[in-house]
Asker: 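Once you've had a glance at the structure underneath, I'll fire off some questions.
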Amino acid sequence: MGKTAAELAEIFRRYDAPDYRHRQVFHALYRRRVTTIEAMTDIPLRLREELARDFVITDVEVSQTFESSDGTRRYLLRLADATFIETVWIPEDYADTICISTQAGCPIACTFCMTGRLGLRRQLDAGEIVSQVALVLNDRYGVGGSPARGTNIVLMGMGEPLLNYENVIRAVQLLCDPRGFNISERRITLSTVGVVPRIRDLAREPVRPELAISLSAPTDELRNQLIPLNRRWPLGQLMEVCRQYPLRRNEWISFEYVMLDGINDRDEQARQLVSLLRGLRAKVNLIPHNPAPELAYRSSPMDRILRFQSLLREGGLLTFIRQPRGRDIDAACGQLAARRPPTSPAGGEETTGTPPAQCDRREYE
């Protein structure tokens with residue numbers, strides 16, 4: 001996983017194989033989603049044996065799965081170096097969604113997010129990113145199977161995608177390739193806290209996902225406290241690059257706003273948010289905070305969230321309330337920390353293959 005068609009063509013030249021072989025393998029990896037080289041039965045046995053000596057399809061394996069009462073499934077995945085990451089499958093009436101990780105851990109240290117407490121262990125390569133999609137689809141629908149209503153991909157799991165830019169873009173290109181996964185770029189959403197230079201780069205990509213901004217505060221003073229990266233690229237710079245972002249027909253920039261009781265949910269802050277986003281083709285997703293014992297926040301009560309939504313709508317903003325999914329298995333937004341919940345079959349033992357990183361967070365502040 002992770003090889004482009006051009007890279008596969010170069011590999012097969014080394015094996016003195018016909019040119020069309022690399023196309024067969026590309027199709028097997030990304031359309032049929034085979035799990036072993038032996039399963040590529042349209043490839044001669046001798047060539048399969050040579051490939052199996054030199055390559056594996058993926059080094060990502062499912063360590064454990066957890067199922068929520070609402071049908072959401074969390075996958076604890078083990079990488080080749082014993083690092084753990086997480087992927088979440090969310091069933092919906094209109095389409096299923098797979099939430100994938102782009103880093104092991106996260107360097108951003110948002111104060112309301114469990115993943116940020118881990119620090120950054122390492123970047124994921126493109127193969128590890130797309131393997132998450134293949135593993136989940138194979139688990140839910142069988143090897144090569146797909147839901148009739150389609151699949152949405154959100155890069156909203158562990159990590160800040162735009163701090164792993166090259167690998168993320170390569171993974172998006174592989175997911176969108178019509179010869180492989182064939183997932184429309186309009187069905188893929190990338191969420192960032194606001195890495196301004198990389199948002200500019202993303203705008204120039206010929207194949208790019210939809211853009212979501214994790215905002216959660218209408219002022220620099222508050223956002224500096226909640227999201228340390230804001231000190232490096234404050235709201236003025238972030239809003240400027242969003243206003244310059246070339247939106248396609250019927251495309252919006254999504255702004256994610258985690259509702260924190262008594263912190264960012266006052267009427268005045270709703271009006272500040274209206275002012276901040278005025279003139280943008282924007283939609284706002286209000287996300288009730290998902291709790292964890294280690295986090296010193298509570299979710300805003302629903303009546304306060306509804307009031308906040310009403311004020312945003314009065315100000316002309318398209319606004320939705322996102323219903324939490326998978327809270328009971330630590331799979332909801334901000335809860336991913338590569339751990340087993342207390343109700344796990346393993347007897348409640350907390351497991352993390354991603355200890356706090358030895359990284360200098362000042363690089364991102």
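Quick note: residue numbers are just sequence positions, from 1.
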Asker: So which heavy atom on Arg122 is nearest to which on Asp81, and how close?
Answerer: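 That closest heavy-atom pairing would be NE-OD2, 2.7 Å.
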
Asker: As a test of understanding, state which of Leu137, Val136, Val130 forms a side-chain contact (heavy atoms from CB on, under 4.5 Å) with Val133.
Answerer: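 Only one option passes, and that is Leu137.
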
Asker: So, using ring-ring contact (aromatic ring centres under 6.0 Å, His included) as the criterion, who are the partners of Phe255 when residues are at least two apart?
Answerer: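 Listed in chain order: nothing, the list is empty.
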
Asker: If the test is side-chain contact (heavy atoms from CB on, under 4.5 Å), which one of Glu128, Gln103, Glu166 qualifies with Gln123?
Answerer: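 Option passing the side-chain contact (heavy atoms from CB on, under 4.5 Å) with Gln123: Gln103.
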
Asker: Side-chain contact, heavy-atom cut-off 4.5 Å: Trp252 with Leu280?
Answerer: no

Asker: Walk me through whether Ile305 and Asp265 qualify under side chain to side chain contact (heavy atoms under 4.5 Å, CB included).
Answerer: CA-CA 7 Å; Ile305 297 175; Asp265 60 354; over 6 Å; no

Asker: Looking only at side-chain N and O atoms, does Tyr257 offer a donor or acceptor that is under 3.5 Å from a partner on Thr319?
Answerer: no

Asker: Do Asn290 and Arg327 have a side chain donor and acceptor closer than 3.5 Å?
Answerer: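 Present: a donor and an acceptor within the cut-off.
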
Asker: Is any side-chain heavy atom of Leu295 closer than 4.5 Å to one of Phe112?
Answerer: no

Asker: Check the side chains of Asn167 and Asp125 for a donor-acceptor pair under 3.5 angstrom, ignoring hydrogens and angles.
Answerer: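 Asn167 and Asp125 do not have a side-chain donor-acceptor pair below 3.5 Å.
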
Asker: Salt bridge check: are Glu10 and Arg13 linked by an N-O gap of less than 4.0 Å?
Answerer: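 Yes, this pair counts.
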
Asker: Leu247 and Leu162: same hydrophobic cluster, using ILVMFWY side-chain contacts below 4.5 Å?
Answerer: yes

Asker: Between the side chains of Tyr245 and Glu251, does any donor sit under 3.5 Å from an acceptor?
Answerer: no

Asker: For Asp177, what residues pass the salt bridge (charged side-chain N to carboxylate O under 4.0 Å, His left out) criterion, not counting sequence neighbours?
Answerer: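 In terms of salt bridge (charged side-chain N to carboxylate O under 4.0 Å, His left out), with neighbours along the sequence ignored, Asp177 is linked to Arg179.
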
Asker: Compare every heavy atom of Asn285 with every heavy atom of Glu256, then report the nearest pair and how far apart it is.
Answerer: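 Of all heavy-atom pairs spanning Glu256 and Asn285, the closest is OE2-ND2, 3.2 Å.
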
Asker: For the residue pair Arg121 and Met158, establish whether any side-chain heavy-atom pair is separated by less than 4.5 Å.
Answerer: no

Asker: Between Arg21 and Gln24, do the side chains contain a donor N or O and an acceptor N or O under 3.5 Å apart?
Answerer: yes

Asker: Keeping to residues at least two apart or across chains, list the salt bridge (Lys or Arg N to Asp or Glu O under 4.0 Å) pairs with something in residues 47-59.
Answerer: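 As it turns out, the salt bridge (Lys or Arg N to Asp or Glu O under 4.0 Å) pairs with a partner in residues 47-59, which skip direct neighbours, are Arg46-Glu50.
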
Asker: May I ask you to decide whether Arg170 forms a salt bridge with Glu7, counting only side-chain N to carboxylate O separations under 4.0 Å?
Answerer: yes

Asker: Does a side-chain heavy-atom distance below 4.5 Å link Lys3 with Val25?
Answerer: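 A side-chain contact under 4.5 Å is absent here.
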
